Amino acid sequence: HGALVSLLALFTRGRVEFWTFQVSFSTTEFYGLYRVWRIHRRSRNESVHRLFRWGMGFYLVAIALWTVDTHLCSFVSVTLPAWGLFNPQLHAVWHVLVSLGFYSLVLLIAYDRFDVLGVRAGLDRRFGGIPVLARRDRPLP
């Protein structure tokens with residue numbers, strides 16, 4: 001899949017290149033989200049469910065902002081500043097929120113893997129509140 005999409009992107013330009021990327025990225029992304037949803041549905045662990053809610057929440061807000069940015073780009077980035085209003089930089093905010101969402105979903109996968117392997121784990125907060133996965137079978141440092 002990666003080789004095919006890379007070749008298509010290499011040898012196409014314009015709208016074909018754009019849609020090749022969009023279709024490839026979207027199908028890969030939705031397949032990954034579907035697999036995470038299946039882990040969430042199977043798990044009985046409340047932390048897995050909480051990580052799913054947080055991850056999907058960040059992700060859906062990011063998609064909403066990306067949609068607004070895509071469809072109202074000239075209004076948001078040109079008209080608002082012309083009126084003396086703040087440009088919210090929605091594309092940058094999209095990157096931050098989608099990264100937070102996917103980080104939460106990756107933690108969900110790791111947490112579930114520990115659970116499947118029978119390793120006791122929990123979520124700790126580090127670096128000012130960022131959740132990290134921590135083993136509970138030995139004393140915390």
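Numbers for residues simply follow the sequence, beginning at 1. Just so it is clear, the model here is predicted, and its values are computed rather than measured.
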Can you give each donor-acceptor pair under 3.5 Å made by side-chain atoms of residues 12-23, sequence neighbours left out, with the distance rounded to 0.1 Å?
residue	atom	partner	partner atom	Å
Thr12	OG1	Leu8	O	2.4
Arg13	NH1	Ala9	O	3.3
Thr20	OG1	Val16	O	2.6

message: Quick check on the 6.0 Å ring-centre criterion: do Trp37 and Phe30 meet it?
response: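 Ring centroids of Trp37 and Phe30 are no less than 6.0 Å from each other.
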
Under a 4.5 Å side-chain heavy-atom rule over Ile, Leu, Val, Met, Phe, Trp and Tyr, are [X] and [Y] clustered together?
X     : Y     : answer
Leu65 : Phe86 : no
Leu10 : Leu4  : no
Ile63 : Tyr31 : no
Leu72 : Trp66 : no

Do you know which two heavy atoms are closest between Ser43 and His49, and how far apart they sit?
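Result for this residue pair: O-NE2, 2.8 Å.
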
Item to complete: Output the distance between atom CH2 (Trp54) and atom OG (Ser47), rounded to the nearest 0.5 Å.
Response: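 Answer for the CH2-OG pair, Trp54 versus Ser47, is 13.5 Å.
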
Q: To the nearest 0.5 Å, tell me how far Tyr59 OH sits from Met56 CE.
A: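 CE of Met56 is found 7.0 Å from OH of Tyr59.
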
Considering only distance and modelled atom types, tabulate donor-acceptor pairs under 3.5 Å from the side chains of residues 106-116, sequence neighbours left out.
residue	atom	partner	partner atom	Å
Tyr111	OH	Ala121	O	3.0
Asp112	OD2	Arg42	NH2	2.9

message: Arg135 vs Val119, test: side chain to side chain contact (heavy atoms under 4.5 Å, CB included). Steps then yes/no.
response: CA-CA 7 Å; Arg135 293 178 69 137; Val119 176; 3.8 Å; yes

ask   = Taking it one step at a time, do Arg50 and Leu123 satisfy side chain to side chain contact (heavy atoms under 4.5 Å, CB included)?
value = CA-CA 11 Å; Arg50 186 175 339 110; Leu123 293 174; 4.1 Å; yes

Are Leu51 and Tyr103 close enough, and set up right, to give a side chain to side chain contact (heavy atoms under 4.5 Å, CB included), and what steps lead you there? CA-CA 9 Å; Leu51 287 167; Tyr103 177 72; over 6 Å; no

Exercise for the section: Find out whether Ile39 and Arg35 are in side-chain contact, i.e. whether some heavy atom of one side chain is under 4.5 Å from a heavy atom of the other. Expected result: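 A side-chain contact under 4.5 Å is absent here.
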
Query raised in the report: Is there side-chain contact between Leu33 and Leu105, with heavy atoms separated by less than 4.5 Å?
Result: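 A side-chain contact under 4.5 Å exists here.
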
If you look only at distance, which donor and acceptor atoms sit under 3.5 Å apart when one is on a side chain in residues 88-101 and the other is two or more places apart or in another chain?
residue	atom	partner	partner atom	Å
His91	NE2	His95	NE2	3.0
Ser99	OG	His95	O	2.8

